[in-house]
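Below: the structure, in structure tokens.
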Amino acid sequence: MADVKETCRTIIATALNEFIKEKDSSAAAVDPATIVVQNAPNPEMGDLGSPMFAYAKALRMAPPQIAVGVVAKITDKSIGEFIAVGPYVNVKLNKSGAAAPILKAIKAQGDNYGSLNSDGKKPLEGRRVMIEFSSPNTNKPLHLGHVRNDALGESVSRILKAAGAEVYKVDLINNRGVHICKSMLAYKLFHEAKGDTPESLGMKGDHFVGQCYVEFDKYLKGEKDKPETAHPEANQMAEDMLIKWEAGDPEVHALWEKMNGWTFDGMMATYKRTGISFDKYYFESETYLKGKDEILKGLNKGVFFRAPDGSVRIDVTDVVGKGKDGNNQEKVLLRKDGTSVYITQDIGTAISRHDDWAFNQLVYVVASEQNYHFKVLFHILKKLGFDWADKLFHLSYGMVNLPSGRMKSREGTVVDADNLVDSLHADALAAIKERGRDEEVGDADEVAEKVALGALHYYILQATPIKDMLFNPAESLSFNGNTGPYLQYMGARINSILGKAAEAGITPDESDEAVALLTSEDEWALIRLLGDYPTVIAKAAEGLNPSEVAAYVYEVAKAFSKFYQTCSIVNADSKQLAGARLYLATCTLQVIKNAMNLVLVPYLERM
């Protein structure tokens, strides 16, 4: 509908300016680009509408009066009928004239449909966006929280690319710090003497290292109700190990490299399985010293100060406000022993990234728990004099948990990504077999894997990012309602319809004469939705919000279902109408496939 809306905008602007001149000859003309044209909420009132509220003050007239006056000035009726409905100038489009350009664009652009504006350009063309997501710690496997992060990062990246941006996906591997040392210490205490390895225990490397992290916590706290079994000195032991690591101790580094390798290999396998990829991996172990150097430079320049305890700090009151006690808030950047803290690494990493790939925007996909951290990080980089700090953005998202409650890595209550996908896969495979479809779908195991991934990703992405959410595995796998499997079913169903039509000797008729026959309410509702896809992509890209695409593709699937119930293809009134409807079905499948790809739902030809 982008081309149609642009035409309407031009027509309304011309009439509005004539009306304004008539009322006040000295008034400035309205720029057509500022005219708002949107879908009308009620089809009976028209297909599109343009509000007149913005011009009421200048004209000293009520918006409904302006709408009547503007409509009276419109003489170009080629695109449809313009009517005044309250404060709106609405348009009842000439369906045959509007439908053909929409379907032709889908047919011509194929997998790229949705990327172009009415002017033939991509909305984010020329923008370079670096996007950081996942950012796992190498002391545990990827879990459900990472799955939401990964899905958001990958989906946003695809949406930005579809909108024309050049995207560079990066992953910051948090492979150093006291939390890593905790897993290392547990390995030395409980496994090193036995020579345990992931291979010897039949485990993925990341799962084994994650088990060590849980073992450390149990060692620290001791058995429940048995305080004598606790080892409070374990925290200091881990901190001492970190100091040795930063000092380059060979033995500590050898163990660190071995355990990091186990975890990294395991994570790579999970990324590959879930369809997540990156253009570059950054490792905190390679960037934290750069951050440390920048902090010391800032200290010499007076940007930071040394506190009485010897730590290096910055006053962040201007950014985060005063503390609960009314005092100024300070952020520690280097501990009193000279070691780095988390934000120190992020400072070094941000600088390295801009050196590596000069971006227009850097997006951090990180949970809302870190809102404070990123406010402070961006503030520090500005204070250090980096002008590109204004181009940093925190895509904050809410927590994701299971109905059973919140997960905690150190207590071993986390649902890791591999086990979650395995469980969904098993349930999907069972459902396929229960329906007797295991032979019909081809490779049932492969289909079950794609259904599991579609269920998981879509359930997460259909929620607005900032909201906390509960992931309900059973709901996500439903083949009815707003779910990934429902979209996959609709895609497979349309593919089947196309096949049956071909068997009946029906071919798509793309002629304007045939498309002009698609005038029923359900046909037109579907066509209008397909025409909205470029606008949806542009909005989702600008807002970094995949839920816009998820909601849209679900509406398209529902609209097609309704269309197919009322508008038979094989039993259409004429061969030309059958061909036109088949053409519409083909275009619908293309848009559904395009949108599904953006929200990480694999397309299935058969289900």
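All values derive from a computational prediction rather than experimental measurement.
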Salt bridge check: are [X] and [Y] linked by an N-O gap of less than 4.0 Å?
X: R9; Y: E6; answer: yes
X: E166; Y: K161; answer: no
X: R528; Y: D47; answer: yes
X: E18; Y: K23; answer: no
X: E523; Y: K95; answer: no
X: E440; Y: R606; answer: no
X: K450; Y: D445; answer: no
X: K593; Y: D111; answer: no
X: K73; Y: E22; answer: yes

Spell out, as yes or no, whether a donor-acceptor pair under 3.5 Å connects the side chain of [X] to the backbone of [Y].
X: Y552; Y: L529; value: yes
X: D279; Y: K169; value: yes
X: R148; Y: A367; value: no
X: H394; Y: V366; value: yes
X: D468; Y: M399; value: yes
X: N94; Y: I79; value: no
X: Y603; Y: N594; value: no
X: R437; Y: M607; value: yes
X: S134; Y: D171; value: no

What heavy-atom pair brings [X] and [Y] nearest, and what distance separates the two atoms?
X: V515; Y: A580; result: N-CB, 4.3 Å
X: S50; Y: V36; result: OG-O, 2.8 Å
X: V599; Y: A550; result: CG1-N, 4.0 Å
X: S561; Y: Y486; result: CB-OH, 4.3 Å
X: A557; Y: I592; result: CA-CD1, 4.4 Å
X: L526; Y: A559; result: CD1-CB, 3.9 Å

Can a side-chain donor-acceptor contact be found between [Y] and [X] if the only test is distance below 3.5 angstrom?
X: R158; Y: N597; answer: yes
X: S478; Y: N480; answer: no
X: S396; Y: N371; answer: yes
X: D76; Y: S78; answer: yes
X: Y397; Y: N149; answer: yes

Ring pair (Phe, Tyr, Trp, His ring centres under 6.0 Å) between F393 and Y364: does it pass, once the steps are laid out? CA-CA 6 Å; F393 181 78; Y364 293 89; 9.8 Å; no
Give the C-alpha distance, both sets of side-chain angles, the deciding distance and a yes or no for side-chain contact (heavy atoms from CB on, under 4.5 Å) between V363 and M130. CA-CA 6 Å; V363 177; M130 181 180 285; over 6 Å; no
Centre-to-centre under 6.0 Å for F359 and Y168, is that the case here?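 That pair fails the under 6.0 Å test.
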Could you check whether Y459 and F471 have their ring centres less than 6.0 Å apart?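 Yes: the rings meet the under 6.0 Å criterion.
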Please tell me if the side chains of [X] and [Y] come closer than 4.5 Å, counting only heavy atoms from C-beta onward.
X: V30; Y: I20; result: yes
X: N360; Y: V129; result: no
X: Y55; Y: L16; result: yes
X: L517; Y: Q576; result: yes
X: V147; Y: T274; result: no
X: P546; Y: Q462; result: no
X: F82; Y: V89; result: yes
X: P473; Y: L424; result: yes

Please assess K104 against E510 for the test salt bridge (Lys or Arg N to Asp or Glu O under 4.0 Å), listing each intermediate value before the final yes or no. CA-CA 8 Å; K104 284 180 180 178; E510 303 173 13; over 6 Å; no
So with a 6.0 Å cut-off around CG of D31, is the heavy-atom count from everything else above 12?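 Yes, the 6.0 Å shell around CG holds more than 12 heavy atoms from other groups.
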Decide if atom CD of Q38 counts as having more than 12 heavy atoms of other residues, nucleotides or ligands within a radius under 6.0 Å.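 Yes.
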Measure up the H143 and H146 rings against each other and bin them: parallel (under 30°), tilted (30 to 60°), perpendicular (over 60°).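 H143 vs H146 ring planes: tilted.
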Name all residues meeting the ring pair (Phe, Tyr, Trp, His ring centres under 6.0 Å) criterion together with F133; count only those two or more places apart in sequence or in a different chain, and write none if there are none.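 Result, ring pair (Phe, Tyr, Trp, His ring centres under 6.0 Å) vs F133: F278.
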Quick one: CD1 on I12 to CD1 on I74, what's the gap to the nearest 0.5 Å?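 Nearest 0.5 Å value for the CD1-CD1 distance: 5.5 Å.
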Just do the side-chain contact (heavy atoms from CB on, under 4.5 Å) check on L59 and D24 with the steps written out, would you? CA-CA 8 Å; L59 290 171; D24 182 359; 5.7 Å; no
Working note: V365 + D150, criterion side-chain contact (heavy atoms from CB on, under 4.5 Å); need CA distance, chi angles, decisive distance, verdict. CA-CA 9 Å; V365 183; D150 291 348; over 6 Å; no
Hey, could you give me each pair passing salt bridge (Lys or Arg N to Asp or Glu O under 4.0 Å) that has a residue in residues 484-505? Not counting sequence neighbours.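 Qualifying pairs: none.
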Under the salt bridge (Lys or Arg N to Asp or Glu O under 4.0 Å) criterion, do K280 and E132 qualify, and how do the steps go? CA-CA 10 Å; K280 183 168 182 175; E132 176 201 285; over 6 Å; no
Derivation and outcome, side-chain hydrogen bond (donor to acceptor under 3.5 Å, both in side chains), residues Y458 and N482: CA-CA 9 Å; Y458 185 81; N482 190 13; 2.4 Å; yes
